[in-house]
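As the structure lists them, so they are numbered: ligands from 1, and atoms in each ligand from 1. Please read these numbers as outputs of a predicted model, since none were measured by experiment. What's counted below: heavy atoms across the whole structure, side chains too, no hydrogens, waters or symmetry copies.
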Amino acid sequence: MLDLAKTIRDVPDFPVEGILFKDITTLLKDADAFREAIDRLVAHYQDQEIDLVAGIESRGFIFGATMAYLLGTGFIPIRKPGKLPAETERFEYALEYGTDAVEIHKDAIRPGQRVLLVDDLLATGGTASASAHLIEKLGGEVASIAFLIDLTFLHGRDKLEGYNIYTVLAF
Ligand code: AMP
């Protein structure tokens with residue numbers, strides 16, 4: 001079987017000194033690796049009841065939209081502030097310094113819909129936790145949260161306690 005981890009490039013000191021950035025563009029340009037990554041994510045959810053896939057900007061769009069297509073569901077974007085054109089709901093969350101926020105279209109989810117939340121990588125879990133809150137604010141149910149990569153040393157899963165989580169690779 002293809003070693004997916006080997007197709008991800010480590011970029012030291014990006015975007016700031018001390019961060020080892022997991023660059024998935026090297027996985028995406030490799031047709032076999034991209035297919036394997038998507039196949040593994042989709043296989044996990046194939047038999048689950050999912051109404052919608054929500055992708056987190058921006059790399060979550062790549063995996064989320066492809067998964068939605070293959071799972072036969074719609075796709076909804078969760079974006080950084082000011083990007084979505086219609087009426088939005090916003091959730092702010094704390095960073096090490098300052099705050100950040102994510103937004104979703106108010107009419108993206110109907111109450112009771114089961115939403116699969118997708119991003120490329122789980123670091124501290126702040127972004128995914130805020131995104132999950134947005135889904136719930138609209139009355140959606142977070143069926144599960146999927147990431148290609150889990151940076152386990154950052155313990156992002158602690159911030160997502162109570163949610164069902166699936167990750168393909170752990171570093
Ligand atoms: P967090 O909210 O800390 O879990 O950060 C998650 C978001 O930041 C994801 O959308 C990731 O794409 C990105 N991210 C954080 N740390 C890294 C890293 N070391 N390499 C690549 N992406 C990262």
Side-chain angles (χ1 to χ4, degrees), residues 3-30 33-34 36-38 40-42 44-45 52-68 75-84 88-105 108-109 115-138 140 142-171:
D3 189 350
L4 267 187
K6 283 205 177 119
T7 68
I8 295 163
R9 170 165 58 193
D10 283 343
V11 183
D13 301 319
F14 182 89
V16 292
E17 218 178 298
I19 298 290
L20 183 64
F21 194 85
K22 292 287 179 190
D23 177 15
I24 54 139
T25 65
T26 42
L27 175 149
L28 295 173
K29 72 172 180 172
D30 178 333
F34 186 34
E36 169 96 11
I38 294 293
R40 284 170 70 173
L41 286 162
V42 168
H44 186 79
Y45 292 104
L52 277 174
V53 175
I56 303 175
E57 184 172 1
S58 58
R59 290 180 294 270
F61 293 175
I62 300 167
F63 294 98
T66 313
M67 288 173 73
F75 173 83
I76 55 173
I78 292 178
R79 301 203 64 178
K80 285 153 194 156
K83 302 273 190 182
L84 288 169
T88 56
E89 198 69 69
R90 172 187 292 220
F91 193 93
E92 284 186 14
Y93 58 103
L95 296 176
E96 202 173 347
Y97 300 101
T99 62
D100 212 339
V102 280
E103 290 184 349
I104 194 167
H105 272 148
I109 298 168
V115 183
L116 167 59
L117 180 60
V118 176
D119 203 357
D120 68 325
L121 181 143
L122 172 62
T124 66
T127 315
S129 163
S131 302
H133 280 106
L134 274 184
I135 291 167
E136 289 164 350
K137 216 165 164 181
L138 297 184
V142 179
S144 182
I145 311 179
F147 303 91
L148 181 66
I149 302 162
D150 182 358
L151 295 186
T152 53
F153 62 94
L154 292 172
H155 305 290
R157 281 173 183 258
D158 294 351
K159 206 170 266 167
L160 299 174
E161 225 189 288
Y163 292 108
N164 174 280
I165 293 168
Y166 176 68
T167 60
V168 175
L169 301 169
F171 290 98

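For ligand 1, one of its N or O atoms has an N or O atom of L20 under 3.5 Å away. For A123, a nitrogen or oxygen atom sits less than 3.5 Å from a nitrogen or oxygen atom of ligand 1, counting backbone and side chain alike.
Of all protein heavy atoms, the one closest to atom 20 (N) of ligand 1 is K22 N, 2.9 Å. With hydrogens left out, the protein atom closest to atom 4 (O) of ligand 1 is G125 N, 2.7 Å, a heavy atom.
Using a 4.5 Å cut-off on side-chain heavy atoms (C-beta onward), L138 and H105 make no contact. In this structure, the side chains of V53 and L116 come closer than 4.5 Å at one or more pairs of heavy atoms. The shortest side-chain heavy-atom distance between I104 and I109 falls under the 4.5 Å cut-off. Inter-residue side-chain proximity for F21 and D10 is flagged as unmet; no heavy-atom pair is nearer than 4.5 Å.
For the atom pair CD (E89) and CG (L84), the distance works out to 12.0 Å, reported to the nearest 0.5 Å.
If you number the atoms of ligand 1 from 1 as listed, the ones under 4.0 Å from a heavy atom of R59 come out as 11 (C), 12 (O), 13 (C), 22 (N). If you number the atoms of ligand 1 from 1 as listed, the ones under 4.0 Å from a heavy atom of T124 come out as 1 (P), 2 (O), 3 (O), 4 (O). Below 4.0 Å from some heavy atom of L151 lie the following atoms of ligand 1, by number and element: 19 (N). The D119 neighbourhood of ligand 1 comprises atoms 9 (C), 10 (O), with distances under 4.0 Å to a heavy atom of that residue.
Protein heavy atoms are absent from the 4.0 Å sphere centred on atom 8 (O) of ligand 1.
Just one residue in the list L121, D120, T127, V118 forms a side chain to side chain contact (heavy atoms under 4.5 Å, CB included) with I56, and that residue is T127.
When the options L121, D120, I56 are ranked by their closest heavy atom to atom 23 (C) of ligand 1, first place goes to L121. Across the listed options V102, I19, T127, T127 owns the non-hydrogen atom lying nearest to atom 2 (O) of ligand 1.
With sequence neighbours left out, the side-chain contact (heavy atoms from CB on, under 4.5 Å) criterion links P12 to L20.
For residues 162-171, the set of pairs meeting the side-chain hydrogen bond (donor to acceptor under 3.5 Å, both in side chains) definition, not counting sequence neighbours, comprises E136-Y163, S144-N164, R157-T167.
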